[in-house]
Number of protein chains: 2
Amino acid sequence: MPTKSVKRTEGRARLNRERVLRTAVEVADEEGLEKLSMRRLGEGLGVEAMSLYNHVSNKEDLLNGMIDALYGEIELPSHDDDWKTALRKRSVSVREVLLRHPWANGLMDSATSPGPGTLRHHDRVLGTFRNGGFSLAMTAHAFSALDSYVYGYAKQERALPFDNKEQAAAMATGMLVQLPASDYPYLHELMAKHVLQPGYNYADEFSFGLDLVLDALERARDAERAG
Amino acid sequence: MPTKSVKRTEGRARLNRERVLRTAVEVADEEGLEKLSMRRLGEGLGVEAMSLYNHVSNKEDLLNGMIDALYGEIELPSHDDDWKTALRKRSVSVREVLLRHPWANGLMDSATSPGPGTLRHHDRVLGTFRNGGFSLAMTAHAFSALDSYVYGYAKQERALPFDNKEQAAAMATGMLVQLPASDYPYLHELMAKHVLQPGYNYADEFSFGLDLVLDALERARDAERAG
DNA sequence: ACCTGAACACCGTTCAAGT
DNA sequence: ACCTGAACACCGTTCAAGT
């Protein structure tokens, strides 16, 4: 009896949307978003650029699909944790995903229509607030405030011109020369007396702000209930 | 006695870096960043694209310069206000500037070296915290948390696929069909019972989160002092 | 149904040549 | 010193043609 043939040209899997998106993410991770052209992506898949148009309608569709695929990597808020713990974990996960795929954050600005992965993620976050005792109006406030902070932090972190502590120290020392105390006294002070001191790590600022926002949201929820 | 001639070809001012940057910002505002090519910019200045390379070293330098120019539009924190008022006003100003130049926020991610306008702005913000009684460590925390929120909010706001309330309502009604309550119950609820209700405006969420962060920073400052 | 080669209308940037 | 024309090595996308 006939079965579906698994034989493909040169053993290469047949092209499909998922494989196109996955390879696109890999190329962007390894070579940067600016190197991700339809021709380069085709090359990575052993195919001509024009074949891609059978699986994505254009480059914008490709980029939207890549973003939606990333939402699948983010840890959804767990039903087993209380709202604050659940959202803390998922916020840490958002940051990790954006560190792993540094090209993604800037792309979200222009991403037009959210895909199913994106919608599912947002739905679960909203549900976590609702089940944590937040009113509908307070949930809207809280969702906006929390995600503004989380994505904004990832953006600031990415804008830093170094990837690790050693580079940061070298960079900061170099910058200090460019930052005369006469022109920029407070930047100079912060660099010399804090950022360049042993033990400082910008990455640690994430937790401070995250707890600041989560604790403040809890207070806002309680104030509304009391009021 | 000879004076400098003011006569220019066709009365056009002589090209210089400032004029190049200003025109580039205008083109990006009016036609979008993706339309801002060296050829298009040259056209806007009545000059061939290649002439621009006498005033910017390449496109990256152009984009960095545009970002730095925008910092000049942001209202610096005033010395006459208390720290919270001063930073509230400047945060509102940041958001207004990013609404006026929607292409800028995404660009800041990749902006490599900060220009003098950027440094001056950051120095004044840091100084406002310091003079408001924040320790050096708490100033680093506060600076990171506040700007993460402000830039993150602008980013979320920009990601919304509509520009005003009417469009938002039309869009949301259309989306509601795409958001079956069975798949996305909380998104559905938020849309139907809150976002689509008369009087709701996403723009209002900015103030809530901004005050949330500023008030929380004040508490953190006071807790550190007391501790 | 899926893939391709050639073509179109663009890019950023270089370089030698003009003034 | 500043501006330009031609050229190079790229883009995203279309379309008719192949299988």
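Labels below follow one simple rule: chain letters A, B, ... track the order of the sequence lines, proteins then strands, and each chain is numbered from 1. Quick note: numbers below take in every heavy atom, side chains included, and nothing from hydrogens, waters or symmetry partners.
- In terms of position along DNA chain C, the nucleotide closest to H55(A) lies nearer the 5' end than the nucleotide closest to the other residue of the pair H55(A) and R39(B).
- Distances shorter than 4.0 Å separate some side-chain N or O of Y53(A) from OP1 or OP2 on dT13(D).
- When the P atom of dC2(D) is taken as reference, atom CG of L15(B) falls 10 Å away, rounded to whole Å.
- Atom CE in M38(A) sits roughly 13 Å away from atom C1' in dT14(D) (whole-Å rounding).
- A donor-acceptor contact under 3.5 angstrom links the side chains of H121(A) and R90(A), judged on distance only.
- The side chain to side chain contact (heavy atoms under 4.5 Å, CB included) test with V213(A) singles out one residue from V150(A), D147(A), L146(A), and that residue is L146(A).
- Counting heavy atoms from C-beta outward, Y184(A) and H122(B) have side chains that stay 4.5 Å or more apart.
- In this structure, the CG atom of L63(B) is 15 Å from the C1' atom of dT13(C), given to the nearest Å.
- Under the Watson-Crick or G-U wobble criterion, with both distances below 3.5 Å, dT19(D) is paired with dA1(C).
- Rounded to an integer number of Å, the gap from L45(A) CG to dT4(C) C1' is 15 Å.
- Rounded to an integer number of Å, the gap from L62(A) CG to dG12(D) P is 10 Å.
- When rounded to the nearest whole Å, the span between CD of E43(B) and P of dC3(D) equals 17 Å.
- Regarding E34(B), its CD atom lies at a distance of 15 Å from the C1' atom of dC11(D), rounded to whole Å.
- Straight-line distance from the CE atom of M50(B) to the P atom of dT4(D): 10 Å, rounded to whole Å.
- Y153(B) and Y149(B) have tilted rings, their planes meeting at an angle from 30° to 60° on a 0 to 90° scale.
- The partner of dA6(C) is dT14(D), judged by Watson-Crick or G-U wobble contacts that both fall below 3.5 Å.
- Nucleic acid contact for S51(B): base, since at least one base atom lies under 4.0 Å from a heavy atom of the residue.
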